[in-house]
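Below is one structure, written out as structure tokens; comments come after it.
Counting convention: from 1, in listed order, for ligands and their atoms alike. All heavy atoms count here, side chains included; hydrogens, waters and symmetry mates do not. Bear in mind the structure is a predicted one, so any value in this text is a computation, not a measurement.
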Amino acid sequence: MKIKMHILFKAFVIAALFVITSCGQSGNQSGALSSNMAERSFVPPGEHDEFYAFISGGYSGQLSVYGLPSGRLFRVVPVFSVDAEKGYGFNEETKPMLNTSFGPVPWDDAHHPDLSQTNGKVDGRWCFINGNNTPRIARISLSSFETEEIIEIPNSAGNHSSSFVTENTEYVVAGTRFSVPVPQRDIPIDEYKGNFKGALTFLSVDQESGEMDLAFQVMMPGFNFDLAHPGRKKSHGWMFFSTYNTEEANSLLEVNASQNDKDYIAAINWKKAEELIASGQFETMETEYAHNIYSESTHMATTTMKKEVKILDPSKYPGLVYFLPTPKSPHGCDVDPSGEYIIGSGKLAAALTAHSFTKMLDAIENEKFDGEAYGIPVLNYDDVVAGVVQGAGLGPLHTEFDAKGNAYTTFFISSEVVKWKLGTWEVLDRQPTYYSVGHLMIPGGNSQEPFGKYLVAMNKITKDRYLPTGPELAHSAQLYDISGDKMELILDFPTIGEPHYAAGAPADLIKPNQTKFYKLEENMHPYATKTEKDARVEREGNEVHIYMTTIRSHFAPDNIEGIKVGDKVYFHITNLEQDYDVPHGVGMIGANTSELLIMPGQTETFIWEPRKEGVWPFYCTDFCSALHQEMQGYVRVSAKGADVPLKWSLDGE
Ligand code: K7E
Ligand code: CUA
């Protein structure tokens, strides 16, 4: 039986590959070629795009920021991976951002950005994104476009069904993909069944500061939790997670986790969870996780190691969790703008399943159950399903929505986006993608009010779309105009890393709140130097602290003597500029770290441990004025134990 399944599945995969290969030869002859199409994505020089798009970097660990409809890349915001371009993870100020209970982890795999909301609408305050590999959630300020916070998720592994935001940003959720022993311990892997657990984490968000806190974890059976989306409007207060591997296989999952005809969408009543927590009905588990916060006033990050987490066991609390049977290892789990429909995309199925929230409540009330799993009621499939979209394509993954009652689903295997109607379940339109699309994004698509003008498809395979660059090709995003009845492909653009999900918002929501520079008088960095006359060098044993400033176009001081081999030299550099768009950088020969790129009013630090005697230059790395090439300095390094006195100067003073 198992072997038969395996062969069948292989045939399915081969068929899928054939589809991919064959469309690889075609290419799009209408699309972006016509000048009319080009005009629709063209943003003239000097003009601004209509939307921001925040696209995950996948295995780059970063978040990239694009404009729509132009597809222009504006910035890569470093989140989970070190970034020498910006000094992120290299300078002393941001190193703590990457701390975890495993020590500093300089990389992650980031999949799902989501934006903060107020009253179910995108509000332009923050972007959240998940780190899969070493489970973490980050918060990025949409004023500074800096990562302000990273919180580690304990008891999780492969933090994939994350980071989805509720209607008023009450919570950001983080669900585990891999179930693991909780607490972690040394047990045989084949004791998986019944012993491994899947933690679904709810992080509360402070509405003023944005700071996250681990509110509670719902400790689920050992399934794989793949994606999630929040309820909205009538279903506000619920969070839906897709599951696969309800078989609880621990090996050859491609076969052994594809046995069950149906897996589940788990419906979590988080309002109920809040009541349980408030009335003390939870267990406290000891654990360890890092909480890293970057302060805009000290320009520094700090790490707090946390020790405890509140756990809710759903088998003990009736009403907290229900399972909605959903065919064939569902991947995407998407909720429409009205909050009524929960769409499950069985990635091995041809059909899409839409569950009804109203029917779900009715089935709960009238106990229309079809058994239970680990004490969690399974609702009867026929009593919760609202409709099935038939014959839409092969390998459905993800669905987004416009504001006119339409849904758009990506089909990985048949490489297309299919538009269909909510409620009637009829297919309205289909457009090929080039090729093998994963997620798609409509700005505001995960909210009550999508801005249904553009759709971005994020593809896994580029093949012949761009100039080749050796064996590794750029991934691609494709922009469709969805304002008419038919979708129209108007642009291709390459992405950073592998784009998974994205989030989009109108530029008007974000543009007015931009930080232009940091006020020097508000700089609380302990090593800030606020005027040139305060610039100095201090020795404490073999540690030397240089309090340095930058202003167009010199460093103060720029000549330093009395440094010795074996010293640990801290360059604390404050950029004295108080104007928009005047960063200075600094690079030091032989320093085992990146440059610093210091925004106006900011202080940053790197450490240099000189190994060789000599006179060593440093210079500004950012072309800051016509005299940028003059922005340089020297450090004289003498032998260990030499008696060259410590001195520093600028223009001899
Ligand atoms: Cu479908 Cu990680 Cu959301 Cu990729 S995931 S596609
Ligand atoms: Cu400062 Cu170039």
Side-chain angles (χ1 to χ4, degrees), residues 55-61 108-114 129-133 135 158-164 173-178 224-229 241-242 244 329-334 343-347 395-400 409-413 415 417 433 435-441 445-446 456-461 475-477 495 497-503 548-556 558 573-577 579 581-587 595-600 602 604 618-633:
I55 301 186
S56 75
Y59 45 65
S60 84
D108 218 305
D109 182 16
H111 282 216
H112 306 124
D114 200 8
I129 190 165
N130 62 326
N132 271 305
N133 182 59
N159 173 38
H160 193 263
S161 34
S162 324
S163 51
F164 300 98
V173 300
T176 196
R177 175 170 153 213
F178 310 117
N224 288 40
F225 294 86
D226 211 5
L227 277 145
H229 268 95
F241 290 86
S242 57
Y244 65 104
S329 302
H331 183 57
C333 177
D334 299 288
I343 318 295
S345 301
K347 56 190 182 281
L397 290 188
H398 300 285
T399 301
E400 294 252 310
T409 301
T410 53
F411 288 83
F412 178 80
I413 294 171
S415 263
V417 183
T433 57
Y435 308 92
S436 295
V437 59
H439 276 273
L440 74 173
M441 181 275 279
N446 175 36
V456 180
M458 285 154 278
N459 306 330
K460 302 296 177 194
I461 296 169
H475 284 254
S476 88
T495 62
E498 178 183 3
H500 285 265
Y501 197 31
M548 188 179 276
T549 62
T550 62
I551 199 152
R552 279 161 289 181
S553 288
H554 58 269
F555 294 96
D558 66 359
I573 306 186
T574 303
N575 183 351
L576 299 180
E577 308 280 358
D579 208 348
D581 204 11
V582 204
H584 293 283
V586 62
E595 65 157 357
L596 300 177
L597 187 65
I598 312 150
M599 297 304 127
Q602 209 173 25
E604 290 190 15
F618 58 92
Y619 71 101
C620 175
T621 50
D622 182 284
F623 213 112
C624 48
S625 75
L627 295 170
H628 156 78
Q629 285 299 81
E630 281 69 20
M631 194 164 173
Q632 63 173 55

Rounded to the nearest 0.5 Å, how far does OG of S56 lie from CG of D114?
12.0 Å
Just by distance, do the side chain of [X] and the backbone of [Y] share a donor-acceptor pair under 3.5 Å?
X    : Y    : answer
S161 : L227 : no
N133 : D108 : no
K460 : G438 : no

Measure up the [X] and [Y] rings against each other and bin them: parallel (under 30°), tilted (30 to 60°), perpendicular (over 60°).
X    : Y    : answer
H111 : H500 : parallel
F555 : F618 : perpendicular
H160 : H112 : perpendicular

My understanding is that we take every heavy atom of each candidate and find the minimum distance to atom 2 (Cu) of ligand 1. Doing that for M458, H160, H112, which one comes out nearest?
H160
Would you mind checking which non-hydrogen protein atom is closest to atom 6 (S) of ligand 1, with the distance to 0.1 Å?
K460 NZ, 3.4 Å
Vertex atom 1 (Cu) of ligand 2, ends H584/ND1 and M631/SD: angle to nearest 10° comes to 100°
Closer than 2.8 Å to atom 1 (Cu) of ligand 1, how many protein N/O/S atoms do you count?
2
Presence of N, O or S from T621 under 2.8 Å of atom 1 (Cu) of ligand 2:
no
Atom 1 (Cu) of ligand 2 reached by C620 (N, O or S, under 2.8 Å):
yes
Are the ring centres of H584 and H628 closer than 6.0 Å?
no
